[in-house]
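In this text, all values refer to a predicted model and were calculated from it rather than measured experimentally. Chain A is the first sequence line, chain B the second, and so forth, proteins listed ahead of strands; every chain is numbered from 1.
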Protein chains: 2
Amino acid sequence: MVESKSTLADIAKLAKVSVKTASRVVRQEPNVSPKTRAAVEKAMKILKYRPSLAPRAAVGTRSYLLGLIFDNPNPSYIVDLLRGALDQTRKEGYHLIVEPVMASSPTVMEDITSLLVQSNVDGMLLPPPLCDEPIILEALRASGKPFARIAPSVSTDVGLHVEMNDFEAARQMTQTLIALAHTSVGFVTGRRGTVTTKRRLSGFLSAMRDANLTVPDRFIVEGTFEYRSGLVAGEALLRHAERPTAIFASNDGMAAGLIAAAHKFSLSVPDDVSIAGFDDSVVATVVWPPLTTVRQPIKEMAAAAVRMLIEQLRGRLDPASSTRELPFELMIRASTTSIATRTKIKAVPT
Amino acid sequence: MVESKSTLADIAKLAKVSVKTASRVVRQEPNVSPKTRAAVEKAMKILKYRPSLAPRAAVGTRSYLLGLIFDNPNPSYIVDLLRGALDQTRKEGYHLIVEPVMASSPTVMEDITSLLVQSNVDGMLLPPPLCDEPIILEALRASGKPFARIAPSVSTDVGLHVEMNDFEAARQMTQTLIALAHTSVGFVTGRRGTVTTKRRLSGFLSAMRDANLTVPDRFIVEGTFEYRSGLVAGEALLRHAERPTAIFASNDGMAAGLIAAAHKFSLSVPDDVSIAGFDDSVVATVVWPPLTTVRQPIKEMAAAAVRMLIEQLRGRLDPASSTRELPFELMIRASTTSIATRTKIKAVPT
DNA sequence: GTGAAAGCGCTAACAC
DNA sequence: GTGTTAGCGCTTTCAC
């Protein structure tokens, strides 16, 4: 089924042309007569020719390899990223070398150099949080290889990048809660210091302000993006009698923690308290009730990053810096409900 | 920081030896005097030499690339797999090319050949369910490249493989439930037809039989490994007054569904019904209460598969077939509790 | 123990 | 339009 690989020389011989001409056809270069082209293409088909990547890389031009390094504890995020990147690399005739890297590890530079030099990748994909590591950015810039950053939080002037509008997403989700007649809404922030955290909080506050709703200080609780911090935040918010009727967490993990906290206090979600998350990770549909959340277009972002990278490799993109913004989506599920509905049930029917 | 790569010729010159001798040292071959070896190693250090992978592959011997194809909807499974494989490949000086493949797609063979021929991988890693596809196994066997199968369900006589003892794991988990004084235990199977499904069910039944406990037919419900099927199974099992006091699901996703079903019927987990899962996926610690489950050593299995593959490439392993079994672990969490405890609480204290 | 030469499959430079 | 030549950085003969 998989026969011994044929070489460029083989098809050149069969098509009765020189190796170079054969190469021209394979690489879709111009300056080949339609007739020779056809002949070579026929030979390629007969011999099931597939150019070997290694010699191409050896000769120093292109390796047709892209590097993806990651340091992210969230499996569904990684998998989405991977799928998006892989789909696109394959479409473009590239391959992906994956490497887990720990930003804190003393061997970060080693690991990256290994990809850059040993495997000779043509470009690099940098998902968060690695895309914000100054040391990595610096190394990559120094190497001269192009790289695309996915949802970066800092120095958005370096390299290509793909993002989504965190502010707008948080604003719209908050508006959705307000539309459900919630007036006292709590918020759990992400890890302090990240731009994502800041933007999502701003979006929330902006929507509340626009609706002339006040947010008591103690309704805004700092989290870390971890499940546990959501649980703790939920306990803090729901302990008091004057608790919010809805809580918006900066990611799904923390929202799952909020649900657990509600259960602990024997509060029903969404009847006693509506919960919204952010990311639409697997967690969102595995908890009960399923989570209303913001779908980050992770797959699409990864694919777009690959596309930009390859465009740049082909010289079709400004090498300095270029951005692309992908659209998010609000996923309304069972963890949120209208206050009106709720009161109707508990009140005497009219 | 990342300097222009040095070549073998560079270090040969610096160490005042021939290129071949330099190569010998780099590749740790014998027949080099300790003195020359030291000199070359020094030169390598000074020039920060890193052998480029491409020419090695070009010359047709080794590409130092392993291929990992996957077709699995479970993100945490993939990530664990990836981490295990990557850790080990790196340790061995190899790299990993990852490719998502859909067994049902008409381009499966294309995709695999692409890895085999274009990228010239030295070997392949086959996780489930791809490792059970006859067409893929056949193609791989025909290619002559070594491959390692992870937790295969069928034709366990082809290629290297790594597994865990599903039967024993299910048996021990069931024994744990029995030890908690549960006598009426329900079971949700996996997708029909897979060996995994069969083995886990056998383990369950074996433990019940050994304890002289009978299992009514309707306590065994067929699932599909999906969350939804767990929910449905839970509704079927818990609807009746004579319901099991514990339910063991063949994976965590379905166990999460069981919990959701219990909530629907206002049953408390674990006080009214204990729930156990299988896999220890992320889901297990994100649901409430956290799930008692069997930890599959996925990372370790992937690492072991890589190790076996590389051993075979080095000729240190029987090329025909070789197996390795990794140990599982019972993770006892809050979703299971003793019947005794439960009754104690509800009964008058002695 | 060590090295010179040949060549992997491809691409680049420069002819024709 | 097409072919020739000379490499890429490494590994493999097979000498010495």
- prompt: Starting at the 5' end of DNA chain C, which residue's closest nucleotide do you reach first, B:A58 or B:P30?
  reply: B:P30
task: Can you tell me the distance, in whole Å, between the CD atom of A:E29 and the C1' atom of C:dT11?
output: 9 Å
message: Taking 4.0 Å as the cut-off, does a side-chain nitrogen or oxygen of B:Y49 come that near to OP1 or OP2 on D:dC10?
response: yes
field: Phosphate-side-chain proximity, B:R56 and D:dT11, N/O vs OP1/OP2 below 4.0 Å
entry: yes
- prompt: Out of D:dC10, C:dA12, C:dA4, which has the shortest distance to the side chain of B:S52?
  reply: D:dC10
Atom pair distance, as rounded to whole Å: CD1 in B:I11 and C1' in C:dG3: 15 Å
- request: Return the value, rounded to whole Å, for the distance between atom CG of B:L8 and atom P of D:dG9.
  value: 11 Å
task: With the side chain of A:N31 defined as its heavy atoms from C-beta on, choose the nearest nucleotide among C:dT11, D:dT11, D:dG1.
output: D:dG1
Between C:dT2 (P) and B:K16 (NZ): distance, integer Å: 16 Å
field: Backbone of B:T7 reached by a side-chain donor or acceptor of B:D10 within 3.5 Å
entry: yes
field: Candidates C:dT11, C:dC8, D:dG3 - which lies nearest the side chain of B:V59
entry: C:dC8
- prompt: Can you find an N or O donor on one side and an acceptor on the other, under 3.5 Å apart, linking the side chain of A:R24 with the base of D:dG3?
  reply: yes
message: Using whole Å, what does the distance between atom P of nucleotide D:dG3 and atom NZ of A:K13 come to?
response: 15 Å
Rounded interatomic separation in angstrom, taking CD from A:Q118 and C1' from D:dG9: 13 Å
query: When you look at CZ of A:R141, are more than 12 heavy atoms from neighbouring residues, nucleotides or ligands closer to it than 6.0 Å?
result: no
- request: Can you figure out which of C:dA4, D:dT2, C:dC10 approaches the side chain of B:K20 most closely?
  value: C:dA4
query: Can you check whether A:R27 has a side-chain N or O nearer than 4.0 Å to OP1 or OP2 of C:dA12?
result: yes
- request: Would you please confirm or rule out a distance under 4.0 Å between OP1 or OP2 of D:dG9 and any side-chain N or O of B:T7?
  value: no
- prompt: When you look at NZ of A:K20, are more than 12 heavy atoms from neighbouring residues, nucleotides or ligands closer to it than 6.0 Å?
  reply: yes
Charged N-O contact under 4.0 Å between A:R324 and A:E311: yes
message: On the nucleotide C:dT2, are OP1 or OP2 found under 4.0 Å from the side-chain N or O atoms that B:S18 carries?
response: no
- line: Of the listed D:dC10, C:dG9, C:dA12, the closest approach to the B:P55 side chain comes from D:dC10
statement: Between CG of B:D10 and P of D:dG9 the distance, given in whole Å, is 9 Å
message: Expressed as a whole number of angstroms, how long is the span from B:L53:CG to C:dC8:C1'?
response: 15 Å
- prompt: Closest approach of A:M301 and A:I150, non-hydrogen atoms and distance?
  reply: CB-CG2, 4.2 Å
message: Both B:R50 and A:S33 contact DNA chain D. Which one's nearest nucleotide lies toward the 5' end?
response: A:S33
- prompt: Which of the following nucleotides, C:dC10, C:dT2, C:dA12, is nearest to the side chain of A:T61?
  reply: C:dA12
- prompt: For the residue pair B:C131 and B:P152, what are the closest heavy atoms and their distance?
  reply: SG-CA, 3.7 Å
- prompt: Nearest of D:dT2, C:dC8, C:dC10 to any side-chain atom of A:T36?
  reply: D:dT2
